[in-house]
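Comments concern the structure below.
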Amino acid sequence: MKQALTIFLCYLAIAITAQPISSDQVNYILSFQDEKSESLQSQEITATNLNEASEVHTKYTSLKGKVKFILRRGESYQIKYLTESFKAEIPTSGTSFVTKN
């Protein structure tokens with residue numbers, strides 16, 4: 001009985017972590033480095049939906065200078081970091097991962 005329960009719990013954990021993001025979302029991964037090509041750690045990054053100003057995502061870069069947002073397809077976002085910003089256009093189709101260095 002314990003073995004069956006353990007197998008079930010392992011299967012459930014794998015099934016939960018393997019769930020794909022919905023088809024109207026995309027993983028948007030950013031990588032930040034300074035002029036010496038060193039990773040920018042613990043920097044605040046904000047993604048604001050330009051169509052719905054109430055949709056704001058704020059995250060901090062990892063030790064490797066990366067941050068991942070789950071953003072909606074077909075939307076435009078203003079990405080702000082340090083004193084800089086840029087506009088990100090999320091495609092309506094194609095890959096579910098977008099990486100920008």
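Reckoned from all heavy atoms, side chains included, excluding hydrogens, waters and symmetry mates.
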Inter-residue atom distance [X].[atom1] - [Y].[atom2], 0.5 Å rounding:
X   : Y   : atom1 : atom2 : value
I70 : H57 : CD1   : NE2   : 9.0 Å
K66 : Q33 : NZ    : CD    : 9.0 Å
I90 : N27 : CD1   : CG    : 10.5 Å
I45 : F32 : CD1   : CZ    : 3.5 Å

Hey, does the side chain of [X] reach the backbone of [Y] with a donor-acceptor pair shorter than 3.5 angstrom?
X   : Y   : result
S76 : L50 : no
T92 : G74 : no
T61 : S42 : yes

Task: Cluster overlap V67 with Y60, hydrophobic side-chain contacts below 4.5 Å - done: no
TODO: Look at the rings of F86 and Y81 and say which category their plane angle falls in: under 30° parallel, 30 to 60° tilted, over 60° perpendicular.
DONE: perpendicular
Task: All side chain to side chain donor-acceptor pair (under 3.5 Å) counterparts of D34, not counting sequence neighbours - done: none
Task: With E44 via salt bridge (Lys or Arg N to Asp or Glu O under 4.0 Å) - residues at least two apart - done: none
TODO: For K36, check salt bridge (Lys or Arg N to Asp or Glu O under 4.0 Å) against everything at least two apart and list the hits.
DONE: none
For [X] against [Y], the heavy-atom pair lying closest together:
X   : Y   : answer
L63 : S39 : O-CB, 3.8 Å
T48 : T46 : OG1-CG2, 3.8 Å
Y28 : A88 : OH-CB, 3.5 Å

Task: With S85 via side-chain contact (heavy atoms from CB on, under 4.5 Å) - residues at least two apart - done: Q78, K80
- [ ] Applying ring pair (Phe, Tyr, Trp, His ring centres under 6.0 Å), name anything that partners F69, two or more places apart in sequence or on another chain.
- [x] none
Task: Pairs touching residues 46-64 that satisfy salt bridge (Lys or Arg N to Asp or Glu O under 4.0 Å), sequence neighbours left out - done: E52-R72, E55-R72
